[in-house]
Amino acid sequence: MAKKEYRTYRGMRDFLPSQMRRRDYVFNVLREVFEAHGFEKIETPAIELWEVLSGKYGEEEKLIYRFTDRKGREVGLRYDLTVPLARFVAQHRSELVFPFKRYQMERVWRADRPQKGRFREFYQCDADIVGSPSMMADAQIITIIYDALTRLGFKRFLIRINNRKLISALHRKIGEGDEFSLARAMDKLDRVGLDGVKDELLSRGFSPSAAERVIAAMSLTSLKEANKFFGEEEGIYELEELFSYLKAMGIPDDFYSYDPSLARGLDYYTGPIFETVVEEPRIGSITGGGRYDKLIGSFAGTEIPATGTSLGVERIITVMEELGMFPEKISPPAHILLAHFRDTRAEALKLASQLRQKGIKVDVYCGEKGLRAQLGYASQKGIPLVGIVGEEIKKGMISLKNLLTQEQSEVPVENLEKFIRGLYYFDFG
RNA sequence: GUGAGCGUAGCUCAAUGGUAGAGCAUUGGACUGUGGAUCCAAGGGUUGGGGGUUCAAAUCCCCUCGCUCACCCCA
């Protein structure tokens, strides 16, 4: 036996079957929501050439896993799914139908220090619309966020919405400092409060009068007020249009709001930006996204507008675990286990094949132990039904035991499929 | 990158500076037709690693590695 202690690399995880069932449940719901909105799935490679990744993330770039391959080419593990999408669109432009609506559910990597809800290897589920400058596209993205979270059972969440153009406008209005620094300070609101933001601005070299104006801008609670404050601004018109579409699509208005403090860290956003927060538990944002009209142009040569969101599945799963939101019965590893004795093995295997052809998930115990152990096996794996293939098989009968209710009865083999399908707790899709 | 807490059997955890233990898990048996069992037995540890203080260190001190949490930032 190896004595060395092995473990997973920091921030990376194994998933047990019981965990995978829950994860897949979430992924399946998301897939259904994406497809309900007409989005098509694509995949892209884990590794991108360094020139694809570099210069897209600002400060975050230092968190990209970067290395050289055997021939000395600079490459990196993808940091998100948005930049690879931009490269993908530029590369396959002639083969795509625009506006192009795609979703992606894949791993990304960040050389970050792990903590609660943060990993070095994790999945993101992204939905983006490429090739439409219309606020209809942004509205559809936000609707997807709402639909996905609602279908997963979230009762309360808030989609915060702002526009990068308004941060630029505010920066122009105060006429000092740099925009990035301004955005950073504003983004701290929910952690340090208005006074904290003011201190942050002063320590970043903004004048007291500038800080006052920023605080005033951040105290705006509605688009109407924002309109008065900013005057004629494209960013305001965009949000007004966006909100009118959200209303038309029936999103309850207490699930989203204009939030002048939302800034978002990534460099590539150019228009409306949005992220979703939950109050319990404290975990940071569970979705994040926005419009990025210039990014694809940096690959394609010509500008191609785009907007989209990333759903933070890992955090969504963490929240669902902590709040006990997973349904009691996520589909079992098998609908039925066929238990057998030494002289009925062949019969059990034959019956298993027949049932599988009818779409039943059948497990057959493949160890050398007796009935006692086989029942324990089913019980521990969470298989709710055991078909005991014993000598009654000669009469065309098997004993069917329901482990949840303790009930047992002899059932003719030809009725078995119907019997299994009749049980309320199975979902046969 | 900054800070705090914690590392004892495969897992969860005990042990005032004084003989390293329990439960679960594993393996064998009671036990080839009725389930998470019960009983018996067995295996399993340089107490993360290294150094120091001490008659004596899992326990105190230093270094190091690892994990967790928070900050930064983010999904």
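Throughout, protein chains are lettered first and strands after them, A, B, ... in sequence-line order, and every chain is numbered starting at 1.
- For a distance-only test at 3.5 Å, the side chain of Gln408(A) fails to qualify as a donor-acceptor partner of the base of G33(B).
- No more than 12 heavy-atom neighbours from other residues, nucleotides or ligands sit within 6.0 angstrom of CE on Met136(A).
- Backbone-only engagement by Gly376(A) is indicated by non-hydrogen atom pairs under 4.0 Å involving sugar-phosphate atoms exclusively.
- Pairing for C31(B) is absent, with no Watson-Crick or G-U wobble pair whose two atom distances lie under 3.5 Å.
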Point to revise | Tyr256(A)/Phe243(A) under side chain to side chain contact (heavy atoms under 4.5 Å, CB included): CA gap, chis, key distance, verdict | key: CA-CA 9 Å; Tyr256(A) 63 92; Phe243(A) 279 40; 3.7 Å; yes
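- Put simply, Gln124(A) has no side-chain N or O that comes within less than 4.0 Å of OP1 or OP2 on A75(B).
- Remark: the separation of the P atoms in A37(B) and C24(B) is 9 Å, to the nearest Å.
- The nearest whole Å value for the distance from the CD1 atom in Ile316(A) to the C1' atom in C74(B) is 15 Å.
- Looking at Arg118(A), its side chain comes within 3.5 Å of the base of C73(B) through a donor and an acceptor atom.
- Of the P atoms belonging to A41(B) and U46(B), the separation is 25 Å, rounded to the nearest Å.
- Surrounding CG of Asp254(A) are more than 12 heavy atoms belonging to other residues, nucleotides or ligands, all under 6.0 Å away.
- Note on Ile286(A): only backbone sugar-phosphate atoms sit closer than 4.0 angstrom, heavy atoms only; bases stay farther off.
- Between Glu321(A) atom CD and A75(B) atom P the separation is 22 Å, expressed in whole Å.
- Pair check for U59(B) finds none; no Watson-Crick or G-U wobble contact set falls under 3.5 Å.
- Going from atom NZ of Lys369(A) over to atom P of G35(B) covers 15 Å, rounded to whole Å.
- A cation-pi arrangement is absent between Arg31(A) and Tyr103(A), since the terminal nitrogen or guanidinium carbon is not both under 6.0 Å from the aromatic centre and inside a 45° cone about the axis.
- Note on Ser399(A): a base of the nucleic acid sits closer than 4.0 angstrom, heavy atoms only.
- Distances shown here put every side-chain N or O of Arg78(A) at or beyond 4.0 Å from the OP1 or OP2 atom of A75(B).
- Taking atom P on both U53(B) and A25(B), the two are 45 Å apart, rounded to the nearest angstrom.
- Side-chain proximity of Ile388(A) to the nucleotides A70(B), G33(B), G36(B) is greatest for G33(B).
- One finds a side-chain N or O of Arg10(A) lying less than 4.0 angstrom from the OP1 or OP2 phosphate oxygen of C67(B).
- Of all non-hydrogen atoms in Arg87(A) and Phe299(A), the two that sit nearest each other are N-CD1, 3.9 Å.
- Arg110(A) forms no cation-pi arrangement with Phe122(A), by the criterion of a distance under 6.0 Å to the ring centre and an angle within 45° of the ring axis.
- Checked against U68(B), U34(B), C73(B), the side chain of Arg204(A) finds its nearest nucleotide in C73(B).
- The pairing partner recorded for A70(B) is U2(B), the criterion being a Watson-Crick or G-U wobble arrangement whose two distances lie under 3.5 angstrom.
- Across all strands shown, G36(B) forms no Watson-Crick or G-U wobble pair with both key distances under 3.5 Å.
- Counting only heavy atoms from C-beta on, Glu60(A) has its side chain closest to C73(B) among G36(B), C73(B), A70(B).
- Among the atoms of the strands shown, none is found under 4.0 Å from any heavy atom of Lys381(A).
- Among the atoms of the strands shown, none is found under 4.0 Å from any heavy atom of Gly370(A).
- G29(B) and G43(B): their C1' atoms are spaced 15 Å apart (whole Å).
- Between the side chain of Gln374(A) and the base of G35(B), no donor-acceptor pair of N or O atoms lies under 3.5 Å.
- Residue-level contact check: Glu392(A) touches the bases, meaning some heavy atom is under 4.0 Å from a base atom.
- A57(B) sits 14 Å from G50(B) when the P atoms are compared, rounded to a whole Å.
- No engagement by Tyr377(A) is indicated, since no non-hydrogen atom pair under 4.0 Å with the nucleic acid exists.
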Exercise for review: Determine, stepwise, if the pair Glu238(A) / Arg291(A) fulfils salt bridge (Lys or Arg N to Asp or Glu O under 4.0 Å).
Suggested key: CA-CA 11 Å; Glu238(A) 285 181 352; Arg291(A) 177 165 283 279; over 6 Å; no
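- Under the Watson-Crick or G-U wobble criterion, with both distances below 3.5 Å, U54(B) has no partner in any strand shown.
- Among the atoms of the strands shown, none is found under 4.0 Å from any heavy atom of Glu275(A).
- The side chain of Phe119(A) lies closest to A75(B), out of G36(B), G33(B), A75(B).
- The phosphate of U34(B) has neither OP1 nor OP2 within less than 4.0 Å of any side-chain N or O from Arg372(A).
- Using P as the reference atom, G48(B) and G7(B) are 8 Å apart when rounded to the nearest Å.
- Dashed line: the shortest gap from a side-chain N or O of Lys401(A) to OP1 or OP2 of G33(B) is not under 4.0 Å.
- Comparing G35(B), C71(B), A75(B) by their nearest atom to the side chain of Leu375(A) picks out G35(B).
- A donor and an acceptor atom sit less than 3.5 Å apart, one in the side chain of Arg113(A) and one in the base of U2(B).
- Atom P of A14(B) sits at a distance of 22 Å from the matching atom of A70(B), rounded to the whole Å.
- Residues Arg78(A) and Glu106(A) are paired through a salt bridge, judged by an N-O separation under 4.0 Å between the basic side chain and the carboxylate.
- The CG atom of Leu63(A) sits 10 Å away from the C1' atom of C72(B) (whole-angstrom rounding).
- Searching all strands for a Watson-Crick or G-U wobble partner of G23(B) with both distances below 3.5 Å returns C11(B).
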